[in-house]
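Take a look at the structure set out below.
Lettering of chains follows the sequences in order, A, B, ..., and the numbering in each one begins at 1.
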Amino acid sequence: MTDYKKTLNLPQTSFAMKANLAQREPEFVKRWQKEGIYEKIRNSRAGREKFILHDGPPYANGDIHLGHAVNKILKDIIVKSKTLSGYDSPYVPGWDCHGLPIEHRVEKKIGKAGVKVDFKAFRQQCRDYAAKQVEGQKKDFIRLGVLGEWNNPYLTMDKQYEADIIRALGKIIENGHLQKGFKPVYWSVVGGSALAEAEVEYQDKTSFSIDVKFAVVDQSALKAVFGAEQTSETAYVVIWTTTPWTLPANQAVSLNAELDYALVVAGDESYVLAEALVESVMQRSNIEDYRIVGRAKGSDLEHLKLQHPFYNRQVPVILGDHVTTDAGTGCVHTAPDHGGEDFAVSQKYGIETLNYLDDSGIYRANVEIFAGEHVYKVDEKVIDVLKEHNALLCEGKIVHSFPHCWRTKTPLIFRATPQWFVSLTKNNLQSKVMNCIDDVQWIPGWGKARIESMLANSPDWCISRQRTWGAPIALFVHKETQELHPKTPELIEEVAKLVEKDGMDAWFDLEPSALLGDEANDYQKVTDTLDVWFDSGVSHYAVVSRRENLSFPADLYLEGSDQHRGWFQSSLKTSLAINEAPPYKAVLTHGFLVDSNGHKLSKSGDNAIPPQEVLQELGADVLRLWVCATDFSGEMSASKEILKRTADSYRRIRNTARFLLSNIPDFDPAKDLLSTDQLLSLDAWAVARTAQLQTELRKDYDSYQLHLLYQKLHNFCSVELGGFYLDIIKDRLYTTAADSLARRSAQTAVYWIVEALVRWIAPVLSFTAEEIWAALPAVENRDDTVFTAEWLELPQIDADMSYWKTISNVKTAVNKVLEEERNAGVVGGGLTASVTLYAEGEIFEAINKLEEELRFVLITSAASILPLSEAANNAKDTDIKGLKVLVSKASGEKCVRCYHVLEDVGSNSEHPEICPRCITNIDGQGEVRKFA
RNA sequence: ACCCUAUUAGCUCAGUGGUAGAGCACCGUCUUGAUAAGGCGUAGGUCCGUGGAUCGUUCCCACGAUAGGGUACCA
């Protein structure tokens, strides 16, 4: 037997079938860094329109988890797709470096600042620690294939950045939005600092629930108000509280002016309670025998004097709207030190705070009975004292959600302290912020409602912290008047210059006289630090506006939906306060990760998926493909199984590319590329379909509908290419002469497809795309990376799309009959079969058009079309109306070269084993194909 | 407690007021010239539940379940 195999053009490529991503990817990473791919991209886009995706800085602590990976991959996909669209889209990654968690880590290592180690050394340790964390995370992000300015990221602890934080504060002051305030704020007793709303999270907590009696000083006056008889019972106003520890600071009891209050007699005591709550209070106090002896409005009781339950102190009854009958007694224990509403209502009555607690939650020495006690542990003692004083009506426990510090996870208290605020009311900041929401595109749309409702009832933003590892509130206040220095803007700039040079220690080390001269004695240096949300919130100022290659406002912020309350909000507020404009044109959010049961993905539990493991087992491209395939507008489910499925579809895409590449090893586009009018009909269709799909995919990239893009891409590879086009053209690619028109036409289409495909997948399957890119046929001026490329300009072809759609349907119909006959044992593979089609009308015309080439489309050894009226009795019906198919075993010998079974195999004695078509392809002119 | 979002085949996702779609996976089969591949075919769903409006609904409305998120909670 002659070895005709050598005369075939079988697929041939060095592009490996096995991806081996875990090994291969790091090599690409190395190469990209060595060759400065990111810089090359920048050069290639110099002068182009910008698209700025501004990176939200992750906190520089701990290894990256899957959520980080998702976020960075999404950003990278978008930046790369914009680059393919021709934009100059620089990406500057950032890190959030100041703040409590790092401080805690360092404290554990070397002890508390100011106690075991001095502040400066402590800050240096924090700085070193953060820098180390940044390096670790950076390595992982780079490994994911994320391209960016990794050698020049922004860190909120950079000297430049720290200086700009101070300058940003200066701008906010100049625009009149800063306010010094003394009011209760969330206070972390573990952290020893104030917190902002955004740092609070609610968790369930078991608290005491007690009803406490406040004896009325003037018993007869009270009874008169209630119109009750002057009897011997002692009257008490009863309050309910879940925070016994706040009772030492009680300064008043609040009633609602409009509510009806009842005087209830039980035994030898009587109680003032909101009438609506009498029953519930009596019930929980186990008092069955009681009667209401009088009624009064809250307003009638104003200024009534009460005896504090255990201190020698008289407190007044005051009125406030915050008192309701939802719970409690209708009489509210009021401690202006420890409650926002308490503070507000107390101010109206001129009641001052007491400041009984120190920063770590311990009662000061001057507090009777409780000096030295910690608030977390004092509740029981307070209750004992109440009992001793016969002031406890009822005692129980309650589970309720309660504010906790989201960093230390400890319960918070409210504590009135002097703090700095960005006021939402001064200079209409609130309305400015609200008004600009419409100017921003929120994706998905509900993001807008979210941010709106959040901002609508957002209180003044407490930006001061009493911590060590934070940017300083670099201000001088007058010792007497507490007013800011009149030259604050100038001073701020001077401080900023110093900080720019030496970092924020420049402020902490600063001798006031160096800047203030003789005035130094009158002024006090503020030692508070800034909320870290302020740090990251001014990145639009310190990075986007500051860096030359970026421009304000950013086109896109892209973070998890939790950042509505975090970074989106803090950035919006500071930007309005500084620039009177929003920092972003659009805000895109993604959901959180859940497992396949829809449960939250933990960082360490059973369903944890460390990205490092995924990289090791499946590779970054598989992870990236999963990100792309998942609809990120809601929760994103991840599991081992889902990732495995993703790996399957990765292989399909990879193999499609490989097959395309393997069929053009001898194709030189400069010489062999056919013009569109030379293409066979089917090949023209393939190119046109590719162009059509490219339009759709670009639209999906632009609207960030990556999961739709994934579906389309995958379908294209499986259905249109694998199941139809590529399957059909194999015969032509393999058997016709290497340089024949028939083959070059197919190769031209294949070439266009792979050139387009490599670009489509580049933003997502970055490593694989780069690998494909290297395997593409050489063309002049081809860059050595796919990432500087733009979308492929495909030739415009006016192909008859519906015609080939019809043919494809016919092929499917024929396949079904073939399968039936295969199962019946009549035929084996397609090439062992001969088919006769019977049709009429348009279908007949369509099929008939293919003439002798019908068999190549159907991939059978013989195929013919006859009018439906001539249909044989045993022809089978198909899904297509008016189409019948008769399948029979192909007769003749199998051509050892093209595998078709034909009668005329061996008709040439020189080539007894092959068919005439093959003979002409080897020795003669080569066969002519017109359609497929 | 309130608000938002999601719930369609084992998985990922489309979709429509008129008897449910794709790809993958599964299973069967062919192929062995994409071979740790590829082709073909079969099978898979009370479209979360209940009630309502409608001639009719998976799609509209109400209530509820599950999941996720958000506001509130501070007396």
Quiz item: What is the nucleic acid contact for A:R658, judged by heavy atoms within less than 4.0 Å: base, sugar-phosphate only, or nothing?
Solution: sugar-phosphate

Self-check item: N/O (side chain, A:T243) to phosphate O (OP1/OP2, B:A75) under 4.0 Å
Solution: yes

Quiz item: Can a side chain N or O of A:R652 be found less than 4.0 Å away from OP1 or OP2 on B:U12?
Solution: no

Quiz item: Using atom C1' of each nucleotide, how far apart are B:A53 and B:C61 to the nearest Å?
Solution: 7 Å

Exercise. Describe the nucleic acid contact of A:K18 in one word from base, sugar-phosphate, nothing, applying a heavy-atom distance below 4.0 Å.
Key: base

Quiz item: Between the base of B:U12 and the side chain of A:Q711, is there a donor-acceptor distance below 3.5 Å?
Solution: yes

Practice problem: Select base, sugar-phosphate, or nothing to describe what A:R897 touches, counting heavy atoms under 4.0 Å on all strands. | Solution: base

Self-check item: Distance flag, aromatic centroids of A:F716 and A:W760, threshold under 6.0 Å
Solution: yes

Quiz item: Counting distance only, does the side-chain N/O of A:S662 pair as donor-acceptor with the main-chain N or O of A:P11 below 3.5 Å?
Solution: no

Self-check item: Face-on cation placement of A:K894 at A:Y899 ring, 6.0 Å and 45° thresholds
Solution: yes

Quiz item: What nucleic acid atoms does A:N715 come within less than 4.0 Å of, heavy atoms only: base, sugar-phosphate, or nothing?
Solution: sugar-phosphate

Exercise. Return the nearest nucleotide to the side chain of A:E635; candidates are B:G39, B:A34, B:G68.
Key: B:G68

Quiz item: Using the C1' atom in both, what is the distance from B:A22 to B:G15, to the nearest Å?
Solution: 10 Å

Practice problem: Taking atom P in both B:A37 and B:C27, compute the distance separating them and give it to the nearest angstrom. | Solution: 15 Å

Quiz item: Near A:Q12 CD, under 6.0 Å, is it more than 12 heavy atoms from other residues, nucleotides or ligands?
Solution: no

Quiz item: Relative to A:Y725, does A:K730 satisfy both conditions: NZ or CZ under 6.0 angstrom from the six-membered ring centre, and within 45 degrees of the ring's axis?
Solution: no

Quiz item: B:C2 pairs with which nucleotide, Watson-Crick or G-U wobble, both distances below 3.5 Å?
Solution: B:G70

Quiz prompt | Least distance between heavy atoms, A:R565 atom then A:Q569 atom | solution = O-NE2, 2.9 Å

Exercise. Using a cut-off of strictly less than 4.0 Å, decide whether A:T334 has a side-chain nitrogen or oxygen near OP1 or OP2 of B:A75.
Key: no

Practice problem: Determine the contact category for A:T812: base if any of its heavy atoms lies under 4.0 Å from a base atom, sugar-phosphate if only primed atoms, P, OP1 or OP2 are that close, otherwise nothing. | Solution: sugar-phosphate

Exercise. May I ask you to say what A:S637 touches in the nucleic acid, namely base, sugar-phosphate or nothing, with a heavy-atom cut-off under 4.0 Å?
Key: sugar-phosphate

Quiz item: Taking the side chain of A:E819 as heavy atoms from C-beta outward, which of B:A25, B:G39, B:C74 is closest to it?
Solution: B:G39

Exercise. Could you tell me whether the phosphate oxygens of B:G33, OP1 or OP2, come under 4.0 Å of any side-chain nitrogen or oxygen in A:Y899?
Key: yes

Practice problem: Return the nearest nucleotide to the side chain of A:R450; candidates are B:G69, B:C24, B:G33. | Solution: B:G69

Quiz item: How would you label the contact of A:K644 with the nucleic acid (heavy atoms, under 4.0 Å): base, sugar-phosphate, or nothing?
Solution: nothing

Exercise. Give a yes or no on whether the ring-centroid distance for A:Y704 and A:H590 is below 6.0 angstrom.
Key: no

Quiz item: Is the side chain of A:N250 donor-acceptor paired with the backbone N or O of A:A252 at a distance under 3.5 Å, no angle test?
Solution: yes

Quiz item: Does the B:G33 base have a donor-acceptor partner in the side chain of A:Q12 within less than 3.5 Å?
Solution: no

Quiz item: How do A:G830 and A:V719 order along RNA chain B: which one's closest nucleotide is nearer the 5' end?
Solution: A:V719

Quiz item: Start at the 5' end of RNA chain B and walk down; is the nucleotide closest to A:P11 or to A:S649 reached first?
Solution: A:S649

Practice problem: Could you work out the separation of B:A25 and B:A62 based on their P atoms and round it to a whole Å? | Solution: 42 Å

Self-check item: Any donor-acceptor pair under 3.5 Å from A:S861 side chain to A:L831 backbone
Solution: yes

Quiz item: What is the nucleic acid contact for A:G591, judged by heavy atoms within less than 4.0 Å: base, sugar-phosphate only, or nothing?
Solution: nothing

Quiz prompt | Pairing partner of B:C27 (Watson-Crick or G-U wobble, both distances under 3.5 Å) | solution = B:G41

Practice problem: Using a 4.0 Å heavy-atom cut-off across all strands, classify A:G829 as base, sugar-phosphate, or nothing. | Solution: sugar-phosphate

Quiz item: On a whole-Å scale, what distance lies between the P atoms belonging to B:G10 and B:C48?
Solution: 13 Å

Exercise. May I ask you to verify whether the side chain of A:K600 and the base of B:A67 hold a donor-acceptor pair under 3.5 Å?
Key: no

Exercise. For B:G51, give its Watson-Crick or G-U wobble partner with both distances under 3.5 Å, or none.
Key: B:C61

Practice problem: Would you mind classifying the nucleic acid contact of A:I642 as base, sugar-phosphate or nothing, using non-hydrogen atoms under 4.0 angstrom? | Solution: sugar-phosphate

Quiz item: On a whole-Å scale, what distance lies between the P atoms belonging to B:U58 and B:G18?
Solution: 11 Å

Exercise. Pick base, sugar-phosphate or nothing for A:T241, based on heavy-atom distances below 4.0 Å to the nucleic acid.
Key: sugar-phosphate

Practice problem: In whole angstrom, give me the gap between the C1' atoms of B:G23 and B:G44. | Solution: 15 Å

Practice problem: Using a heavy-atom cut-off of under 4.0 Å over every strand shown, decide if A:V827 touches base, sugar-phosphate, or nothing. | Solution: nothing

Quiz item: Which of these nucleotides, B:A75, B:C13, B:U29, is closest to any side-chain atom of A:R822?
Solution: B:U29

Quiz item: Say you pick atom P in B:C2 and the same atom in B:G64; how far apart are they, in whole Å?
Solution: 8 Å

Practice problem: Would you classify A:L708 as touching base, sugar-phosphate or nothing, given that sugar-phosphate means primed atoms plus P, OP1 and OP2, and contacts are heavy atoms under 4.0 Å? | Solution: sugar-phosphate

Quiz item: Quick one: A:R565 CZ to B:G70 C1', roughly how many Å, whole number?
Solution: 9 Å

Self-check item: Nearest listed nucleotide, side chain of A:A629, among B:C24, B:C40, B:U12
Solution: B:U12

Practice problem: Would you indicate what A:T246 reaches in the nucleic acid, counting non-hydrogen atoms under 4.0 angstrom: base, sugar-phosphate, or nothing? | Solution: nothing

Quiz item: Does A:K730 put a side-chain nitrogen or oxygen below 4.0 Å from OP1 or OP2 of B:A34?
Solution: yes

Practice problem: May I ask which nucleotide in the shown strands pairs with B:G21, Watson-Crick or G-U wobble, both distances under 3.5 Å? | Solution: B:C13

